[in-house]
Every structure is written in structure tokens, then in C-alpha cells.
Amino acid sequence: MLQTTFIRDNRELTIAGLIKKHYKDPEAAVDRIIELDRLRRETQQELDAVLTQSNAKAKEIGGLMKEGKKAEAETAKGETAVLKERSKELDEQHKSIEEELQSELVKLPNLPHESVPEGRTAEDNINELEQGAKPVLPEGAQPHWELIKKLGGKQAPIIDFELGNKITAAGFPVYKGKAARLQRAMIAFFLDEAGKAGYTEVQVPILINADSGFGTGQLPDKEGQMYHDAADDLYLIPTAEVPVTNQYRDVIVQENDLPIKNVAYTPCFRREAGSWGAHVRGLNRLHQFDKVEIVQICKPEDSYQALEAMSDHVKGLLEKLELPFRILRLCGGDMGFTSALTFDFEVWSAGQERWLECSSVSNFETYQANRLKLRYKTADKKTQLLHTLNGSALALPRILASLLENNQQADGTIRVPAVLVPYCGFDTIE
RNA sequence: AGAGAGAUGGCAGAGUGGUCGAAUGCGGCGGUCUUGAAAACCGUUGUAGGGUAACCUACCGGGGGUUCGAAUCCCUCUCUCUCUGCCA
């Protein structure tokens with residue numbers, strides 16, 4: 001959430017940022033907020049004045065009662081009626097203005113960083129880096145949804161979508177044998193790598209309440225994208241970002257505890273309402289998937305350096321997995337609601353001959369922190385909002401897809417990257 | 001799920017209608033003393049909104065009510081703890 005004072009002091013800048021993000025009618029929205037803020041302060045000043053009088057009268061009556069001046073006290077009581085009436089009126093006005101201000105404020109996305117390119121769609125993203133040679137596949141190479149059918153021996157298919165469909169629904173696959181083992185190996189590898197990079201591992205709930213959903217910006221913006229348990233009013237997490245970051249909701253951090261670096265493995269759940277298309281096959285898009293997420297909370301002046309470091313960490317993982325990838329700097333129209341700057345990592349999927357997004361690393365600046373009330377005390381004792389960042393490191397399914405496809409051998413087996421062998425205990429899937 | 005108890009500042013914990021933003025202890029910060037540290041002593045120490053400022057206002061789990069006046073009384077919701085039950 002953007003800060004009212006910032007909008008008030010930076011009207012043009014705010015509008016320009018919203019335009020870059022393709023927000024409709026930004027001028028009207030910004031001006032309405034500035035107007036509501038003016039009204040709010042005006043009403044509060046009047047309300048405070050009335051309350052000051054009321055408080056004074058109440059004290060006066062208390063004094064008179066003590067002195068036994070009953071009659072005078074009664075007279076004074078009569079005088080409070082008008083004040084009471086007026087304060088009630090102003091209080092209601094103040095509340096409704098604040099409510100409207102809040103609901104307008106919540107609609108605004110974060111402003112993009114100056115380095116964010118102009119553009120509306122994925123076509124306009126900037127290719128920052130492309131690394132690793134695309135493999136030359138053997139004759140008869142296939143996409144992963146075909147490969148899995150023949151893998152796993154008697155257990156085939158090694159990733160069973162039909163079975164998951166029976167148990168739950170489409171988009172909830174069952175991983176069997178070496179596929180299951182490989183999943184666990186990747187999770188352990190990713191967690192270990194993050195540990196080496198200084199991230200503290202945390203295990204967090206995968207159900208969250210509405211306050212947490214609001215804190216990181218999933219609510220109210222993405223209400224329909226999360227699975228919701230109506231009985232207890234809890235949501236299944238779409239990403240570990242939500243519970244991990246919400247650890248620090250309503251917290252004032254000690255300056256020397258910064259930066260905070262957490263890593264968590266969780267399953268993630270996405271309803272993907274409306275985005276299920278015919279071209280979305282196999283592991284490309286799921287309702288449930290596994291992900292290791294890194295989160296950083298740091299001082300404003302350090303956040304872009306942290307973003308760089310997080311990007312490098314993700315890059316390192318892909319290098320170690322020997323997968324070709326590219327890094328995109330997302331344009332204004334393609335980036336997320338809460339983000340100021342996002343790098344998407346896409347892994348090359350040789351069987352499909354297309355890039356698959358496998359990580360998204362973002363700096364949210366103070367946007368989440370403002371909702372979370374996540375702050376720290378500066379050396380001169382001022383309370384200031386922190387910056388929050390997160391990134392996938394990594395999301396498993398598309399890594400697995402490209403691993404299967406890129407590493408398919410002429411004999412139909414799959415080569416496991418060396419770095420995972422100690423974790424899973426085999427170097428080939430047949 | 002049943003019965004009972006409770007929710008107060010970073011923590012512990014007092015406060016049952018006015019002088020309470022709130023005693024006291026611990027912790028934190030600053031100082032005195034000391035070669036240094038500890039101890040002791042002195043001072044200081046919540047959050048938010050408004051105001052150029054002096055200062056004003058709100059907040060004692062959330063919401064509502066009674067009253068001139070509520071941390072304190074009433075209603076309601078939520079949560080926590082203890083015991084019983086169930087259970088990985």
C-alpha cells in the first residue's frame with residue numbers, strides 16, 4: 001500500500017508510476033485520495049477540538065462532585081450534551097472518510113522502479129541475460145508429459161496425473177518412485193544452498209488468515225486465486241512469501257537484526273481460476289506444487305543490492321542444475337500488483353521448445369511493509385518502514401519438466417544432474 | 001467437543017468509575033563512580049493521527065453500550081491457558 005503522505009507530496013510522480021503500470025484513470029484515483037486525506041485531517045482537527053472541551057468539562061464535574069457542589073455539577077452536566085452530540089457526528093464522519101480513503105488506497109498498485117521498462121505485455125519485457133547452451137536432443141525427443149508415461153518401470157507413469165485427478169482433481173499430480181525422490185532431493189538441495197547463502201530456514205503454516213493475506217497483498221486483490229476454507233475462514237497459501245513475510249507483521253525490528261533472511265519450503269496452492277488453457281499441459285501449470293522461497297527484509301538503502309544478491313543466488317542454482325535459462329526484467333504492464341521491480345527467471349524446456357518461468361524475484365520496497373506495519377528504529381530513533389523482497393529459489397515443477405526434457409538420452413533414460421545425485425541416490429531415471 | 005479461568009506497555013505484573021497513558025520489578029538507553037567492567041545510584045524509555053510549534057487526540061484483545069467521565073460496569077465476538085474427552 002502506498003503512503004498517503006507520499007501521494008500528497010508526490011502527485012505527479014505517483015500518477016506517472018501508475019501510468020507505467022497501466023492503471024486505469026490514475027489522475028482521478030490520486031486526486032480522490034488527496035481530497036479524502038484533506039477531509040480526514042479537517043474532520044479530525046474539529047473532532048479533537050470538541051473532545052478536548054468534553055474532557056475538560058468531565059474533569060470539571062469530577063472536581064465539583066468531590067467538593068460536594070452537587071447543583072453546579074448538574075448544571076455542568078447539562079452543558080456536555082451538545083458536545084457529545086457533535087463529537088458523535090464528527091466521529092462517524094471521520095470514520096467513514098477513513099474507510100473510503102483506505103479502500104481507495106488499497107486499490108493502487110505499487111509504483112514501478114525507474115529501471116522498469118515501459119510496456120504492456122510479456123513481449124515488452126527486457127531480456128537481461130541468456131545463459132547455458134540449449135541441448136541438442138536425440139532423435140524422437142519428447143515433451144515431459146510424453147516422457148513420464150514410459151518412465152518408472154512397473155510404476156509408470158512416474159508422474160501420474162490421472163491418479164491425482166481421481167484423488168483430488170486435475171492439476172494435482174502424484175509423483176511416484178524416483179520422481180518423488182527427485183522432488184525431495186531438489187527441496188533439500190535448494191534449502192541447503194539457501195542455508196549456505198545465509199538464509200535461516202523456517203517451517204511455517206500453509207494455511208493463513210485474512211490479515212496475513214492482506215499484509216502481503218494477496219487480499220483483496222487476488223481473493224479468487226486462493227483456495228479458501230469457509231468453515232474457519234482460512235486460505236491455503238499460494239506461496240510461502242505470505243506466512244514467511246507475515247512473521248514480521250506489526251513488528252518494529254532492531255536495526256542490528258537487519259537484514260532478515262529466511263528460506264522456507266512449502267507446497268503452494270493456486271486455483272488458477274480462468275487461466276487453464278488447452279496449451280497448459282503436464283507440469284507447466286498445477287493447482288498444487290512445491291517451492292522453496294527466499295525472503296529478505298532490509299533497510300531501504302540496501303534493498304536493491306539485496307535484490308541483486310537474490311537474483312545471483314537463483315542464477316547460481318540454475319547453473320548448478322546445468323539448465324539453460326534467461327532473466328527478464330518485467331515491464332510495467334507485466335509485473336505484479338505489489339512489486340516495484342521484478343526479475344523473472346525462465347528455464348529452457350527443450351522438449352516443448354519454449355521458456356518456462358521458474359522463479360520470480362521482486363523488491364516490494366515499502367509497499368508490503370506499509371500494510372504489515374513492519375518497521376525499524378533508525379539510529380536517530382525515528383521509526384521507518386522497511387523493504388521486503390522475495391524470490392523463488394526455486395519452484396519445482398517446471399524445473400523438473402525441463403530437467404526431464406533437456407536431459408533425455410538416446411536410450412530413453414533421463415540423466416540426473418550431478419549436483420542432485422548425492423541427494424537422491426541415483427544418476428539415471430529409466 | 002464439555003467445564004472453568006483469563007486477555008493491561010519489550011517481558012512480568014498491579015490497578016473494580018474521575019487526579020490512569022497507566023504503580024512496581026526486569027529489560028533497554030543515557031549518565032555518575034571505575035584503569036575497564038560489574039554492582040550501586042541518578043535520569044530516561046509505548047504506538048498512531050493531527051498541529052510550524054506549545055500541545056491536542058486516540059489506543060489497556062476486537063466491536064458495541066451505560067455514564068458528565070470507563071483499563072475498571074454491561075452486551076457481544078475472538079483468542080489464550082488449565083482440567084476432561086478425542087487424536088498424529
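The chains referred to below are lettered A, B, ... by the order of the sequence lines, with proteins before strands, and numbering in each begins at 1. Heavy atoms only: backbone and side chains are in, while hydrogens, waters and symmetry mates are out.
- For the C1' atom pair drawn from B/G61 and B/U57, the interatomic distance equals 22 Å after rounding to whole Å.
- Atom SG of A/Cys268 is separated from atom CD of A/Glu241 by 10.0 Å, given to the nearest 0.5 angstrom.
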*Could you run through nucleotides 52-61 of chain B and give me one letter per nucleotide, 5' to 3': B if any protein heavy atom sits under 4.0 Å from the base, S if only the sugar-phosphate is that close, - if neither?*
----SSS---
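- At whole-Å resolution of the value, CG in A/Asp250 and C1' in B/G9 are 15 Å apart.
- When rounded to the nearest whole Å, the span between CD of A/Glu42 and C1' of B/G51 equals 14 Å.
- Across all strands shown, B/G36 forms no Watson-Crick or G-U wobble pair with both distances under 3.5 Å.
- A 3.5 Å limit on both hydrogen-bonding distances identifies B/G6 as the Watson-Crick or G-U partner of B/C79.
- Taking the charged nitrogens against the carboxylate oxygens, A/Asp91 and A/Lys88 have no contact shorter than 4.0 Å, which rules out a salt bridge.
- When the P atom is used for both B/U76 and B/C87, the distance is 34 Å, rounded to whole Å.
- Residues passing the ring-ring contact (aromatic ring centres under 6.0 Å, His included) test with A/Phe364: none are found, sequence neighbours excluded.
- Across B/U32 and B/A48, the matching P atoms stand 31 Å from one another, rounded to whole Å.
- Heavy atoms of A/Lys382 sit nowhere under 4.0 angstrom from any nucleic acid atom.
- At least one side-chain nitrogen or oxygen of A/Lys95 sits closer than 4.0 Å to the OP1 or OP2 atom of B/G64.
- A salt bridge does not link A/Glu99 with A/Lys95: every distance from a Lys NZ or Arg NE/NH1/NH2 to an Asp or Glu carboxylate oxygen is 4.0 Å or more.
- Of all nucleotides present, only B/C59 satisfies the Watson-Crick or G-U wobble test against B/G46, with each distance under 3.5 Å.
- The ring pair (Phe, Tyr, Trp, His ring centres under 6.0 Å) contacts involving residues 177-197 of chain A comprise A/Phe189-A/Tyr423, where partners must be two or more places apart or lie in separate chains.
- For the pair A/Arg38 CZ and B/G51 P, the interatomic distance rounds to 12 Å; values are reported in whole Å.
- A close approach under 4.0 Å does not occur between any side-chain nitrogen or oxygen of A/Arg375 and OP1 or OP2 of B/U47.
- For the pair A/Leu83 CG and B/U67 C1', the computed distance is 15 Å after rounding to whole Å.
- Counting to the nearest Å, the P atom of B/G10 and the NZ atom of A/Lys377 are 10 Å from each other.
- Distance A/Lys77 NZ to B/G18 P: 14 Å, rounded to the nearest Å.
- Proximity of A/Arg40 to the phosphate of B/G49: no side-chain N or O atom is located under 4.0 Å from OP1 or OP2.
- Considering only side-chain atoms of A/Arg41, the nucleotide from B/G50, B/A48, B/G69 that sits closest is B/G50.
- For A/His94, there are no ring-ring contact (aromatic ring centres under 6.0 Å, His included) partners at least two apart in sequence or on another chain.
- In terms of position along RNA chain B, the nucleotide closest to A/Thr383 lies nearer the 5' end than the nucleotide closest to the other residue of the pair A/Thr80 and A/Thr383.
- Nucleotides B/G46 and B/G9 have their C1' atoms positioned 6 Å apart, rounded to a whole Å.
- Distances were taken from every side-chain heavy atom of A/Met65 (C-beta onward) to each of B/G50, B/A48, B/C68; the shortest belongs to B/C68.
- With C1' as the reference atom, B/A3 and B/G85 are 11 Å apart, rounded to whole Å.
- Distance noted for atom P between B/G62 and B/G10: 14 Å (whole Å).
- Every residue two or more places apart in sequence or in another chain that forms a ring-ring contact (aromatic ring centres under 6.0 Å, His included) with A/Tyr304 is listed here: A/His113.
- Judged by the 6.0 Å and 45° rule, A/Arg329 forms no cation-pi pair with A/Phe343.
- Across B/A70 and B/U19, the matching P atoms stand 10 Å from one another, rounded to whole Å.
- The side chain of A/Ala58 has B/G69 as its nearest neighbour among B/U47, B/G49, B/G69.
- Nucleotide B/G21: unpaired (no Watson-Crick or G-U wobble partner with both distances less than 3.5 Å).
- Electrostatic pairing of A/Lys178 and A/Glu430 counts as a salt bridge here, judged by a charged N lying under 4.0 Å from a carboxylate O.
- Here the separation of B/C56 from B/U8, taken at their P atoms, is 28 Å to the nearest Å.
- For A/Gln3 and B/A48, the CD to P distance is 12 Å, given to the nearest whole Å.
- Remark: B/G85 base-pairs with no nucleotide; criterion is Watson-Crick or G-U wobble with both hydrogen-bond distances under 3.5 Å.
- Set against B/C68, B/U47, B/G50, the side chain of A/Lys84 has B/C68 as its closest nucleotide.
- Base pairing of B/U67 is not made with any nucleotide, judged by Watson-Crick or G-U wobble geometry with both donor-acceptor distances under 3.5 Å.
- Looking at residues two or more places apart in sequence or on another chain, you find a side chain to side chain donor-acceptor pair (under 3.5 Å) between A/Arg86 and A/Glu46, A/Glu89.
- In this structure, A/Lys57 atom NZ and B/C68 atom P are separated by 14 Å, rounded to whole Å.
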